[in-house]
Amino acid sequence: LLEREHWELCNKCNMMRPKRSHHCSRCGHCVRRMDHHCPWINNCVGEDNHWLFLQLCFYTQILSCYTLILDFCHYYYFLPLKKENWDVFVFRHELAVLRISAFMGLIILCGISRLFYTQLMGIFTDTTSIEKMSNCCEDISRPRKPWQQTFSEVFGTHWKILWFIPFRQRQPLRVPYHFANHV
């Protein structure tokens, strides 16, 4: 009930919404702590699924690194075969596919790493991408939370090992009283 005192009216959907919510024009509704609308998952990244988006970025980076390691090992294996006996080297097009795979792996790794870094910095500073763009978070009255608390709020648990497990339910954390106005 204390939180509802600080709700505001959305001028696009005429619904009451909590502070730090944003109206998504693509989805047509307000999303609590909306970070952005992601075209890759065709959904808004907000309070309920931000932790899953972070896991998607994290595991995509791991998969890209794994692909690059496999490409390097595969290429290293092909070099002696290519030099010794060109007739045995039947799969000439496989080398081209290997180079394309390595190129795509590098591009995806660089792009996802940059996205993951900006998301982590947003959690450290307790701001969303929309708040950063609108410069509304320079509010001095809002107290800064420790990084462990902001990560626990995003991932829904204080157990750090559970932050990396995608097959679980996220439980909203109870917010301390002095932060209750800013949830």
Side-chain angles (χ1 to χ4, degrees), residues 2-65 106-160 162-166 168-183:
L2 291 174
E3 184 180 333
R4 288 189 180 232
E5 294 174 2
H6 299 283
W7 283 27
E8 55 192 16
L9 183 66
C10 176
N11 58 359
K12 295 179 183 166
C13 62
N14 287 334
M15 299 287 286
M16 293 300 289
R17 65 179 184 192
K19 291 278 188 186
R20 299 186 71 189
S21 296
H22 183 74
H23 185 85
C24 178
S25 57
R26 290 188 182 162
C27 295
H29 62 276
C30 292
V31 179
R32 189 176 183 137
R33 289 191 70 177
M34 180 177 166
D35 190 76
H36 65 281
H37 184 91
C38 182
W40 301 107
I41 61 173
N42 194 27
N43 201 359
C44 290
V45 176
E47 185 179 64
D48 291 335
N49 63 352
H50 196 187
W51 67 287
L52 290 170
F53 183 74
L54 288 169
Q55 285 183 352
L56 173 71
C57 293
F58 177 74
Y59 288 121
T60 303
Q61 287 179 53
I62 289 176
L63 184 61
S64 296
C65 289
L106 277 173
I107 287 178
I108 290 173
L109 180 65
C110 292
I112 292 292
S113 295
R114 177 69 180 145
L115 179 64
F116 188 65
Y117 174 77
T118 58
Q119 292 296 312
L120 287 180
M121 288 301 109
I123 294 174
F124 278 123
T125 59
D126 193 26
T127 56
T128 64
S129 298
I130 292 175
E131 291 170 344
K132 287 178 193 172
M133 288 188 288
S134 66
N135 293 326
C136 73
C137 282
E138 297 176 7
D139 187 11
I140 299 171
S141 66
R142 189 169 90 183
R144 292 287 171 206
K145 302 176 192 175
W147 71 270
Q148 293 96 341
Q149 183 177 356
T150 56
F151 270 83
S152 296
E153 288 176 7
V154 169
F155 286 99
T157 182
H158 292 290
W159 296 92
K160 293 173 180 64
L162 294 178
W163 293 354
F164 299 100
I165 300 174
R168 66 176 180 86
Q169 290 286 332
R170 179 188 176 276
Q171 301 296 324
L173 292 178
R174 297 197 68 142
V175 181
Y177 179 73
H178 61 282
F179 291 120
N181 295 339
H182 304 288
V183 176

Requested in this report: State, with a plain yes or no, whether a side-chain heavy atom of L54 is found less than 4.5 Å away from one of I123.
Outcome: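 L54 reaches I123 side chain to side chain.
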
Query raised in the report: Any side-chain heavy atom of C30 sitting closer than 4.5 Å to one from M15?
Result: no

Query raised in the report: Short question: side chain of T150, backbone of W147 - any donor-acceptor pair under 3.5 Å?
Result: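 Checking the backbone N and O of W147 against the side chain of T150, a donor-acceptor pair under 3.5 Å is found.
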
Report task. Report yes or no: does T128 contribute a side-chain atom to a donor-acceptor pair with the main-chain N or O of R33 at less than 3.5 Å? Result ->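 Checked: no pair found.
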
From [X] [atom1] over to [Y] [atom2], what is the distance, rounded to the nearest 0.5 angstrom?
X    : Y    : atom1 : atom2 : answer
C110 : L115 : SG    : CG    : 13.0 Å
H29  : C24  : NE2   : SG    : 7.0 Å
L120 : T125 : CG    : OG1   : 10.5 Å
F151 : K145 : CZ    : NZ    : 13.0 Å
E8   : M16  : CD    : CE    : 8.0 Å
L63  : L56  : CG    : CG    : 10.5 Å

Tell me the closest heavy-atom pair linking [X] and [Y], and the distance in Å.
X    : Y    : value
T157 : W163 : O-NE1, 3.0 Å
V45  : N49  : CA-OD1, 3.4 Å
V31  : G46  : CG1-CA, 4.0 Å
C57  : F116 : CB-CD1, 3.6 Å
E131 : D126 : OE1-O, 4.1 Å
I165 : W51  : O-CZ3, 3.8 Å

Query raised in the report: Is it true that E47 and R32 make a salt bridge, defined as a side-chain N closer than 4.0 Å to a carboxylate O?
Result: yes

Query raised in the report: How about Y117: does its OH atom have over 12 heavy atoms from other parts shown lying under 6.0 Å from it?
Result: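 Open.
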
Query - With sequence neighbours excluded, residues passing ring-ring contact (aromatic ring centres under 6.0 Å, His included) with Y59 - result: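 Applying ring-ring contact (aromatic ring centres under 6.0 Å, His included) to Y59 gives none.
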
**Report entry** Summary of side-chain hydrogen bond (donor to acceptor under 3.5 Å, both in side chains) pairs that have at least one residue in residues 34-44, sequence neighbours excluded
**Finding:** D35-Q119, D35-S129

